[in-house]
Amino acid sequence: MIQTTFVPRLRAWWLRRLPQQDQTALHHHNLYLLPTRAGWMLGFTLLLLLLGSINYQLNLGYLLTFMLAGSAAAGVWVGHRNLAGLELSLHPGAPVFAGQSAAVEIHLHNPSRRARYAVGLQWLGSGPAASDVWADVGPQDQHSVQLAYPTQQRGRLPLPALRVQTLYPLGTFKVWHWWRPAAQLWVYPAPETPAPALPLAATHEDGPASGPHAAQRSGETDGARPYRRGDPLKWVLWKKAARLAGDERAQWVSRDFSHPAAAELWLEHARCQLHDEEARRSRLCAWVLQADALGLRYGLRLPGFEIAPEQGAAQRQRCLEALAWR
Amino acid sequence: MALTKLALPAALAPRTWPRELRDTLFLLGVVGWIVLLQSAHQPLWASALALLLLLGRAVLALRGQPLPGRAVMLALLLLALAGTWLHHGQFWGALAGSNLIVLLLALKTLELRARRDALVVFFLGFFTLLTLLLHSQSLLTALGIVPALLGLLTGLVLAHLPLGRPPLTQALRQASTLVLFGAPLMLLLFVLFPRFGPLWHIPTDAQMGRSGLSGQMQVGQIARLALDPSVALRVEFLDGRRPPQNQLYFRGPVLSRFDGQQWLPQYGEHSLPEHASAALQTELQSAGTPLRYRLTMEPSHQPWVLTLQTTPELPPIGTQSAQLTPDLQWILPRPLTEVTRFEAVAWPELRHRPLRPAATLAANLLLPPGFNPRTRQLAADLLQQLGPNASAPQLIDAVLLRLRTGGYQYTLEPGVFGRHSADEFWFDRREGFCEHIASAFVVLMRELGIPARIVTGYHGGELNPIDGFWTVRQSDAHAWAEVWLDAQGWTRIDPTAHVAPARTTDLQRLLPPPGPLAAALIQIDPDMLAQMRAIWEATNNRWNQWVLDYGQNRQLELLRQLGFATPHWQQLLYLLVGLLCLATLAAVAWLQWLRPRPDPWLRLLQSARKAVAQAGGVVPAPATPRQLAAALPTDCPAATAAAWSQWLLRLEAQRYDPTQQIDLRDLHRQWRQLPPLPRPP
């Protein structure tokens, strides 16, 4: 009862007070310390040993009991020293699509001359079954670990708090640190698979509006569409084909003479023909990826937000972030 | 073994063992060592079964085979329980309990898989070590426990190193560090933790299977002790004077009642007359020179205190105070269960003359009817021979002469005596151990009308040249006689001395044949064995004096030395808690000192940056002092701006210009004196 309601609430309250930062240094102000279940068991064992020693008047028994108690107390000290002074920094990896696992990299830096053993990292709230990712850091050494963070929803996700802990050396005491990272993780909508073809025809109506500008600039490509069987080989844009050679999804692209000037593709939220918002986002995301793979110039229209047609990696990122966030 | 060897050619090379296997085998080794330590106090089948289980587990690990299932485990558990029950008839108690826990520990290794199991083995292992102490707390046991303890700790540290294949030495080093760091706390607790008496149950002799003197004497009993070399007590003479060896009599139970078979004490611990001790003091007449001595008794699990003859006063033993019975035996209300040390003064020539002898002497003349008819006849013959007016000393001399010249033998193996034990000694066998001689002598004395009684205890001992302690062993157990002489009171007569004079003057013992190792050592160098034994005994004695003997007495003594006028165990507790708090505070202060402190220079720069920003200056996020100086707000008075930029440039120079020696403390002082920057509206 207490475990399920009180502790998480207390933890949440405590976590809110912590600063958000991508670097953290561990010292006694932010290291917490409690006995583990094994620690309580040890305490119970010590009590029994002590009672036995008293009852049977075993002076050597006292010595044994107190030696164990002394070692356990030294274990607390060693465990604390195992974490104190450690410096950690967090580097969120590349953005992911919803449903994928984000790989967040944690750098552990040990400036001191003693090694740190069995430093465990875990996202807070990842469930009781989740296990820690362990790291040993040598003296004056660096070490990085990848922490997988499973995503479900698109968006600009604040990373949850991390728990940095150690059970070393005896497992009877847990020394831990709570860390609220400031970094946020971009999670793009999951692209729809299989996605319908790019709405090339739909761009036709808008074509004239943006036509004049595009026509001036489009010396190289008047328009493009995926290669269809029967296109003459001289229509194929070979430069693009060569550039995409390594990509599985790569398609040949043919010059599109049916829309000579309307080279700009508009990906529009309103025209997705889907009712579910997330499904629309997924489709738009798939289109953005397709259009980017084809090297097209494309723009994105979301309700109340618009990204002008452009091409390239920056455009792709802009659009995907807009799809995730706006 | 041959089978495993055939099956595992590669698995036998420790260097290639995978981590899991190596850790498992290591833990099995530690458990095996604990089982071996216990095996001296276990029935053979239990040790064999435990070792077999461990061996089986090791084979499974080496072959990578799965662990036994639930059914097999249950069967083995039932086997262990059944064996314990059949052997001991119970599951609890020191013997059965320690037997069972060893088997459980061995069984647990059969499901040794995860970290949690390592913890269970660790805790079970500690209990097993404690049960070992029930049987022996000797230095040897302590030395055997150290590797077991370190092994268990090492196993636990290994279980908390989840990555890679950490070398065993690394875990062992960490475990040793823990023990070493924990040592001060251990010592503090050991010295100051108040010692109480037993809580619910007094360990008894029967349960421990110890040997020693008992409260009554059946003829033939002390001979059993003659072969037991374990130490009964140690004595240190404090003034550098030692009594002659034939006076080293340690007085134990005094036996006055004879039922024909057994000699029994007149006064039990419960039949002691009230205030007997006080009355007795007036009957003692001291003579000669006193001897100050310190005696350390091994736990006898018996209620009497062995004292050098004759010790009229005894300090309190622990929380108990001993009482002196009218036959000069010291008795405690509770059996002695720990090593006990006390200082006392003995008067070897003390005389004991009861003020009203008739009351107490009558009991020392009683003999049961129907026993020893020939001894009665012998007494009558002696009386006739010496005439009716023969004095007691004359009669005694006649009997002692008979002992010396009658062809009587002192032997360790006198055989079994029948119903008329005194008759058998005087006429048939003519040989016996000290108890036969003393018993026959006292019976004859009583037949002669001389009050007599048997005193049991120890006689003699052995001087350890290493530390100057007298060591008295169980094999020094002895029985002698005391007779009442009107002129002198109770007088000690050792009839054994007249049968075998060497037994009491040279303290010559009847030795059992030496074991094979000792025999080999005697062959090489007879002195070496004695020397080695002396060193070992001296070390063991230190161990007893410093560790095992550390009880309530010594704690209160310590408090007295620390200046507590009326020491009490609660003061120990206060002292303990106080010192622990102090240690905790010291640790916290140390941590505070270790806390990373920001660079004072950077702190100064931060303050300056904040002030400039508050005044409306536009400053970049990490600003150098020079940048700050450039970012001073434009509306600030020229003098102020000049002072500020001068200070900032000096701040910069302090850090980066090696040619200038600027004290940071000066900059601090100047910072406080800088004119305030104007506040933006």
Side-chain angles (χ1 to χ4, degrees), chain A residues 25-29 31 36-38 41-42 44-46 48-81 84-85 87 111 115 117-120 131-136 166-172, chain B residues 94 115-116 118-119 123 126-127 129-131 133-134 137 141-142 145 149 153 156-157 159-164 166 171 174-175 177-190 193 195-201 203 299 337-339 547-551 587-588 591-592 594-596:
Chain A
L26 278 49
H27 49 85
H28 80 282
H29 275 314
L31 278 177
T36 58
R37 191 182 295 209
M41 205 167 132
L42 175 83
F44 186 62
T45 305
L46 282 175
L48 290 184
L49 288 176
L50 192 62
L51 286 179
S53 304
I54 292 173
N55 196 56
Y56 290 96
Q57 306 279 297
L58 303 172
N59 247 4
L60 192 51
Y62 282 116
L63 211 55
L64 181 73
T65 308
F66 296 147
M67 179 183 274
L68 186 55
S71 302
V76 177
W77 171 254
V78 168
H80 189 272
R81 261 167 47 111
E87 290 165 10
Y117 299 109
V119 181
S131 57
D132 287 44
V133 174
W134 299 102
D136 290 344
T166 191
L167 293 170
Y168 189 80
L170 294 180
T172 50
Chain B
R115 191 176 66 85
R116 197 173 61 93
L119 273 169
F123 292 131
F126 260 96
F127 274 113
L129 288 181
L130 189 79
T131 61
L133 303 184
L134 289 174
Q137 293 193 76
T141 308
I145 282 179
L149 187 82
L153 278 173
L156 204 51
V157 172
H160 292 97
L161 284 168
L163 292 174
Q174 181 64 72
T177 318
L178 288 178
V179 173
L180 212 67
F181 282 7
L185 186 63
M186 176 188 80
L187 284 179
L188 189 72
L189 285 168
F190 183 77
F193 186 82
R195 301 300 199 273
F196 307 103
L199 295 176
W200 67 87
H201 152 253
T337 51
E338 53 178 322
V339 175
V547 178
L548 299 189
D549 182 23
Y550 189 81
V588 169
L591 280 175
Q592 196 70 29
L594 279 185
R595 184 174 57 106

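Worth knowing before you read on, the calculation uses all heavy atoms, side chains too, and leaves out hydrogens, waters and symmetry mates. Predicted model, so just to flag it, every value in this text is computed and none were measured. In what follows, chains are A, B, ... by sequence order, proteins preceding strands, each numbered from 1.
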Pick from A:Leu64, A:Thr172, A:Thr166 with the largest number of heavy-atom pairs that fall under 4.5 Å of chain B: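 The answer is A:Leu64.
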
Option in A:Pro169, A:Ala118, A:Gly70 with maximal non-hydrogen atom pairs under 4.5 Å from chain B: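 The answer is A:Pro169.
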
Could you give the distance from [atom1] ([X]) to [atom2] ([Y]), rounded to the nearest 0.5 Å?
X	Y	atom1	atom2	value
A:Tyr62	B:Arg195	OH	CZ	5.5 Å
A:Thr45	B:Phe123	OG1	CZ	4.5 Å
A:Trp134	B:Leu163	CH2	CG	8.5 Å
A:Asn55	B:Leu134	CG	CG	9.5 Å
A:Ser53	B:Leu130	OG	CG	5.0 Å
B:Leu129	A:Met67	CG	CE	11.0 Å

Please look at B:Leu185 and chain A and tell me whether the side chain, the backbone, both or neither of the residue comes under 4.5 angstrom of a heavy atom of that chain.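 Only the side chain of B:Leu185 comes within 4.5 Å of chain A.
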
Please report the closest heavy-atom contact between [X] and [Y], naming both atoms and the distance.
X	Y	value
A:Ala69	B:Leu189	CB-CD1, 4.5 Å
A:Leu170	B:His160	O-CE1, 3.0 Å
A:Leu49	B:Phe126	CD2-O, 4.1 Å
B:Leu119	A:Ala38	CD1-CB, 3.4 Å
A:Ala74	B:Gly182	CB-N, 3.9 Å
A:Asn59	B:Gln137	N-OE1, 3.1 Å

Hey, does A:Ile54 have a side-chain heavy atom less than 4.5 Å from the side chain of B:Phe193?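 Touching, per the 4.5 Å side-chain cut-off.
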
Under 4.5 Å from a heavy atom of chain B, the part of A:Leu50 involved: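 Side chain only.
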
Option in B:Leu187, B:Leu149, B:Leu188 with maximal non-hydrogen atom pairs under 4.5 Å from chain A: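 Answer, by heavy-atom pair count under 4.5 Å with chain A: B:Leu149.
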
Could you walk me through whether B:Leu133 and A:Tyr56 pass the side-chain contact (heavy atoms from CB on, under 4.5 Å) test, one step at a time? CA-CA 9 Å; B:Leu133 303 184; A:Tyr56 290 96; over 6 Å; no

Evaluation steps, side-chain contact (heavy atoms from CB on, under 4.5 Å), between B:Gln174 and A:Tyr168: CA-CA 10 Å; B:Gln174 181 64 72; A:Tyr168 189 80; 2.9 Å; yes

